[in-house]
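Just below is one structure, and these are the notes that go with it.
Just so you know, these numbers use all the heavy atoms, side chains as well, and skip hydrogens, waters and symmetry mates. Below, read A as the first sequence line, B as the second, and so on, with proteins coming before strands; counting in each chain starts at 1.
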Number of protein chains: 2
Amino acid sequence: MRPQLHPLSFKGSIDKLQQSAPYMKEDTTFQLLLSSINEKVRLTETEMQVCKSFFTPKKLLKKQLLLQHQEVCHFIAFVVQGILRSYTVDAKGNEHVVQFALEGWWISDNYSFLTGEPSTYNIDALEDAELLLLSRPAMDELLLKVPAMERYFRILMQNSLVALQRRLVGSLSYTAEEKYTNLIRTYPDIAQRVPQHQIASYLGIKPETLSRIRKQLTSR
Amino acid sequence: MRPQLHPLSFKGSIDKLQQSAPYMKEDTTFQLLLSSINEKVRLTETEMQVCKSFFTPKKLLKKQLLLQHQEVCHFIAFVVQGILRSYTVDAKGNEHVVQFALEGWWISDNYSFLTGEPSTYNIDALEDAELLLLSRPAMDELLLKVPAMERYFRILMQNSLVALQRRLVGSLSYTAEEKYTNLIRTYPDIAQRVPQHQIASYLGIKPETLSRIRKQLTSR
DNA sequence: GCAGCGCCTTGACCTGCATCAAGAAATGGC
DNA sequence: GCCATTTCTTGATGCAGGTCAAGGCGCTGC
């Protein structure tokens, strides 16, 4: 069985995190991030501390925008708690969900972040969320001070690339029903926490079609 | 105008290369690779020499396979000359072109290369080709000896990620005709050098449909 | 020169999903 | 608890692109 690959990141367990006491707050915020990093590269205790210092915590309410179309994306965001989505609005006015990000995933507009050009995406919260932001200057400095992070980000990029390539081939070769059943098999938590019409948008089908597909599936 | 981003790489000029005399062979083989690297990171003269030593030249005839489905992908390949494609065959027996690679582009199955799992892709040559292969152990050693290459590959990955994300959104929001006109606008050389039915496969449409679209377009 | 094959075109018909329209359920604010 | 809004369902109809089938054109090899 192949290990799962997630766009821009991996999915870490958060069970412990949610139960932990309030005075642990500071630690638990970074715990998920550090375990994500540790899964891919070895950092010394000091490097981890340095790392932490470059991130800015941020809270977001449901529906609140983190990034708006035509703004420059000045950060990449690590999701500590909640769900975010990035989406575009095409020439015909249709929204297309590009990515969901749950706990332990990264989200941003890479293109805008890297080039400084205005973004073509919007990013907002589908649930109240807690994030750790890494700004462009912070990232540049972090990579200088902790070169191992260069490797971490390369691995992230490669994993997302692979996941995205699969999604693309899937979008070309599967029927709407197959796309949906693949999704709920691969990311059952998304299917449960995200409204159906958002999932439809992610899959590139209409909410009506998804509704009919679900009806079909339950009747079997 | 946005700089173009190419899946897994960039497109470098090869005009000079093709005109150069035979005794320059050795140099011209690496020239394109080095200029690709220099565009993204600064290497010392020594580092460039070290870099070269890790690559293995390889020639491929038209239709020859570089990687076969279910083999492990032991390399990433830089295209010096010619055109390659990677493709999958889905459950219904349909081929899907995942990527084309022209001069100056990289091609491989990243997933298989990174994890050592058997590949789900095939890679073959659409024209006689000249490649530079970087094996997994060679890459690991290269990254140790020339850490700047870590950055080069991260940038490559990020660029491909961005390009792939656009392609995905495009595959969801554009009509077949829009997808085709986008392709010939973005990569006119692909449209000219690659047979139509391969392009149709890349776009996720049938050759018959592409033929009809082209007829429509010329009649306007 | 022509046989054979790969590639492209054209026509007739079919189908999966979109579109449009109208309610029904669920959710949330106060 | 009740109204507003958001989300989901269902039905009727349309169309982009797929499928199947046949034929043409231009290589390449002998």
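- Relative to the six-membered ring of A:Tyr202, A:Arg167 meets both conditions, a distance below 6.0 Å and an angle of at most 45° to the axis.
- The salt bridge (Lys or Arg N to Asp or Glu O under 4.0 Å) pairs that include a residue from residues 70-89 of chain B are B:Arg85-B:Glu95, B:Arg85-B:Asp124, where partners are two or more places apart or lie in different chains.
- Counting any heavy atom pair closer than 4.0 Å across all strands shown, A:Lys92 reaches no nucleic acid atom.
- Between A:Gln158 and A:Arg154, the side chains place a donor N or O and an acceptor N or O closer than 3.5 Å (distance only, hydrogens not considered).
- Of all nucleotides in DNA chain D having an atom under 4.0 Å from a heavy atom of chain B, the first and last in 5' to 3' order are D:dG17 to D:dC20.
- A cation-pi geometry, defined here as NZ or CZ lying under 6.0 Å from the six-membered ring centre and within 45° of its normal, holds between A:Arg136 and A:Phe113.
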Stepwise, does the side-chain hydrogen bond (donor to acceptor under 3.5 Å, both in side chains) test hold for A:Tyr121 with B:Gln165? CA-CA 11 Å; A:Tyr121 295 156; B:Gln165 229 171 41; 3.2 Å; yes
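- Taking the six-membered ring where tryptophan is involved, the planes of A:Trp106 and A:Phe55 are tilted, since the angle between them lies from 30° to 60°.
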Give the B/S/- string for nucleotides 17-30 of chain C, one per nucleotide from 5' to 3', where a protein heavy atom under 4.0 Å of the base yields B, of only the sugar-phosphate yields S, and otherwise -. SSBB----------
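- For the pair A:Glu177 and A:Arg214, the salt-bridge criterion is not met [side-chain N within less than 4.0 Å of a carboxylate O].
- Residues B:Glu103 and B:Arg193 are paired through a salt bridge, judged by an N-O separation under 4.0 Å between the basic side chain and the carboxylate.
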